[in-house]
*Asks:* 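Supplied in structure tokens, the structure appears directly below.
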Amino acid sequence: MAFKKLERRPLSWAERTYLPQILMGLKITLWNLFKKKVTLEYPDVRPVIPNGYRGIPTLVKDPRGREKCVSCQLCEFVCPPKAIRIQPGEISAEAENAHVEKAPREFDIDMLRCIYCGFCQEVCPEEAIFLQNVFSLNGYSREELVFSKSKLYEMGGTLPDEHYKWEKKRRAAEENEVHG
Amino acid sequence: MTYLPVLVAFVKALIMISVVMGMAAYAVLAERKIAGWIQGRHGPNRTLLPLLGHIPILGRILTRIGIFQPVADGLKFIFKEDPVPGHVNLLYYFLAPCVAFIPAMTTMVVLPFGEMDGAPLVLANIDIGMLFILAVSSLGVYGIILAGWAANSKYPFLGGIRASAQMISYELAMGLSILPAFLWANAPGTETGLSLFNVVQSQDTVWLVFWQPLSALIFLVALFAETNRLPFDMPEAETELVSGYHTEYGSMKFGLFFVGEYTHIVIGSGVLVILYFGGWNFLPGFASPWPEGWLGGVFSTLWFLGKVLTVVFFFIWIRWTLPRFRYDQVMRLGWTVLLPLALANLILNAILIALFENWIV
């Protein structure tokens with residue numbers, strides 16, 4: 001057994017008065033008095049949010065402004081507190097992105113139910129939903145904190161990713177037609 | 001024109017009360033700021049008064065050091081809802097804060113705070129000043145006991161019991177510890193008596209703390225116990241008794257206890273400075289450089305106030321350094337250490353004085 005037996009020597013006379021110890025303690029607290037303060041003055045000074053932080057989930061668009069969500073509803077199904085409600089909708093045949101076929105008609109996230117687990121971001125095949133670094137939300141009513149699609153896009157903004165999956169699909173389809 | 005002296009005395013008393021109350025209020029602020037600094041925090045730094053707080057640079061500094069905080073604290077006490085629990089004894093419940101507060105304010109009457117042309121600056125220069133302070137300040141504990149009793153609930157009750165036990169234990173050591181100071185101050189041929197002013201005048205070359213360090217230490221420890229400050233804050237011990245004797249009090253009634261407690265600290269610091277740290281005398285070994293006339297009065301008062309504030313700082317500093325004693329440890333320290341030590345110290349000093357007078361002089 002690796003343990004060390006400490007000698008318990010009797011306290012000396014000075015130690016039994018406790019006065020030297022009290023003076024040592026006073027020295028330590030006096031030293032602390034002039035040290036740098038550790039308080040973060042919160043509303044004025046914001047903490048540095050680390051990468052990979054899980055704040056509120058929002059929808060994102062691609063750099064060309066196309067909404068990435070195709071309303072597959074995987075996030076709705078995976079969401080443990082059932083905070084996400086999606087009503088799928090069709091993309092009209094005249095639209096430029098008609099080949100994507102579907103987009104959400106309504107996309108609501110109830111921020112009061114959301115537990116910031118990040119499952120929706122993990123499960124999304126289109127990389128359309130991301131957790132942001134916003135960690136404090138407030139509102140005056142429950143309804144106010146159910147974020148609609150437009151609000152979610154407004155908070156999410158654009159994902160600067162030059163991947164353009166659906167462009168590639170379209171091009172592949174066109175080439176197939178030419179060669180096929 | 002017989003009412004003029006009365007009016008002057010009234011104005012003087014008013015000034016004294018406002019100064020001491022102001023010091024008590026800012027002692028609360030100092031407590032919070034120093035607590036913060038020692039714990040790596042900032043302490044109160046947001047309270048802002050309109051106009052005064054908006055002066056470009058000065059206002060910002062004042063806000064940061066929390067100068068306006070006592071105003072906010074006071075207003076909070078006044079405007080808070082004042083619930084009276086249904087199970088209390090109403091008469092004693094309302095009486096207790098007054099009984100705790102009034103003795104704290106009364107002791108300042110005999111506390112000299114400066115010197116002008118050889119005369120003390122004090123509201124009432126009576127030659128039993130020390131006796132008066134001891135007698136009246138220990139009345140304050142009745143407020144605490146009464147509060148604990150009237151609240152008719154167990155934590156205040158325990159707090160009240162502890163307060164009375166502690167007061168009895170430490171009053172003895174305190175009384176015995178100041179006797180050597182007066183024995184030495186009463187050199188043959190002087191008429192010091194128990195007057196606080198003459199004690200200070202006798203320390204114009206050597207402060208008594210260098211001559212009587214043991215008495216000073218015992219007095220200091222007993223003072224901590226008498227003012228219910230950590231490490232002796234048995235009566236309110238937050239972690240054990242919720243908040244002790246004032247658990248059932250809210251609003252301004254709690255405020256009275258609170259202000260009374262801090263007034264006790266300010267007055268206690270004043271007594272400590274007067275007895276052992278030379279009062280308004282300049283540094284030990286130097287003659288006081290205060291000029292004649294009213295200017296000397298102002299300087300000596302400021303010097304005295306500076307010393308008092310240093311002691312108040314020490315009180316706060318100790319509070320955030322030492323943990324609280326256990327109740328039985330407090331009792332053991334009082335009865336088996338401080339009391340015999342104070343007695344031995346008194347007898348030793350009496351023998352020394354007898355030797356000094358009979359064989360050396």
*Asks:* With a 4.5 Å heavy-atom cut-off (strictly below), which parts of residues 321-340 of chain B touch chain A? List them by number.
*Replies:*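 Within residues 321-340 of chain B, the residues under 4.5 Å from chain A are Thr321(B), Leu322(B).
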
*Asks:* On a heavy-atom basis, which atom in Thr39(A) and which in Arg41(B) lie closest, and how many Å separate them?
*Replies:*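 Closest heavy-atom pair between Thr39(A) and Arg41(B): OG1-CA, 3.2 Å.
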
*Asks:* Please list, in residue-number order, every residue in residues 173-180 of chain B that has a heavy atom less than 4.5 Å from any heavy atom of chain A; write 'none' if there are none.
*Replies:*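 From residues 173-180 of chain B, none sit under 4.5 Å of chain A.
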
*Asks:* Can you tell me how far apart NE2 (His42(B)) and CG (Leu40(A)) are? Round to the nearest 0.5 Å.
*Replies:*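 Taking NE2 in His42(B) and CG in Leu40(A), the distance rounds to 8.5 Å.
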
*Asks:* Under 6.0 Å from the CZ atom of Phe313(B), do we count more than 12 heavy atoms belonging to anything else shown?
*Replies:*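 For Phe313(B), atom CZ is crowded (more than 12 foreign heavy atoms under 6.0 Å).
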
*Asks:* Take atom NZ in Lys37(A); do more than 12 heavy atoms of anything else shown fall under 6.0 Å from it?
*Replies:*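 Buried by this count: over 12 neighbours within 6.0 Å.
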
*Asks:* Under 4.5 Å from any heavy atom of chain A, what part of Trp317(B) do you find: side chain, backbone, both or neither?
*Replies:*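 Contact with chain A involves both backbone and side-chain atoms of Trp317(B).
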
*Asks:* Under the criterion side-chain contact (heavy atoms from CB on, under 4.5 Å), I'd like the reasoning laid out for Asp44(A) against Arg46(B): C-alpha separation, chi angles, the key distance, then a yes or no.
*Replies:* CA-CA 11 Å; Asp44(A) 305 332; Arg46(B) 294 284 170 90; 3.5 Å; yes

*Asks:* Answer yes or no: are there more than 12 heavy-atom neighbours, outside Leu11(A) itself, under 6.0 Å from its atom CG?
*Replies:*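 Count over threshold, so yes.
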
*Asks:* Should we count OH of Tyr42(A) as having more than 12 external heavy atoms under 6.0 Å?
*Replies:*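 Buried by this count: over 12 neighbours within 6.0 Å.
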
*Asks:* Any carboxylate oxygen within less than 4.0 angstrom of a Lys/Arg side-chain nitrogen, looking at Arg64(B) and Glu41(A)?
*Replies:*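 Yes, this pair counts.
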
*Asks:* Check whether Leu217(B) gets within reach of chain A through its side chain, its backbone, both or neither, counting any heavy atom under 4.5 Å.
*Replies:*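 Leu217(B) touches chain A through side-chain heavy atoms alone.
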
*Asks:* Given Ile38(B), which partner from the list Leu30(A), Ile28(A), Leu33(A) fulfils the side chain to side chain contact (heavy atoms under 4.5 Å, CB included) test?
*Replies:*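 One option only clears the test, and that one is Leu33(A).
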
*Asks:* Is atom NZ of Lys165(A) surrounded by more than 12 heavy atoms (other residues, nucleotides or ligands) closer than 6.0 Å?
*Replies:*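 Yes.
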
*Asks:* Should the heavy atoms of other residues, nucleotides or ligands under 6.0 Å from OH of Tyr18(A) be counted, would the total exceed 12?
*Replies:*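 No.
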
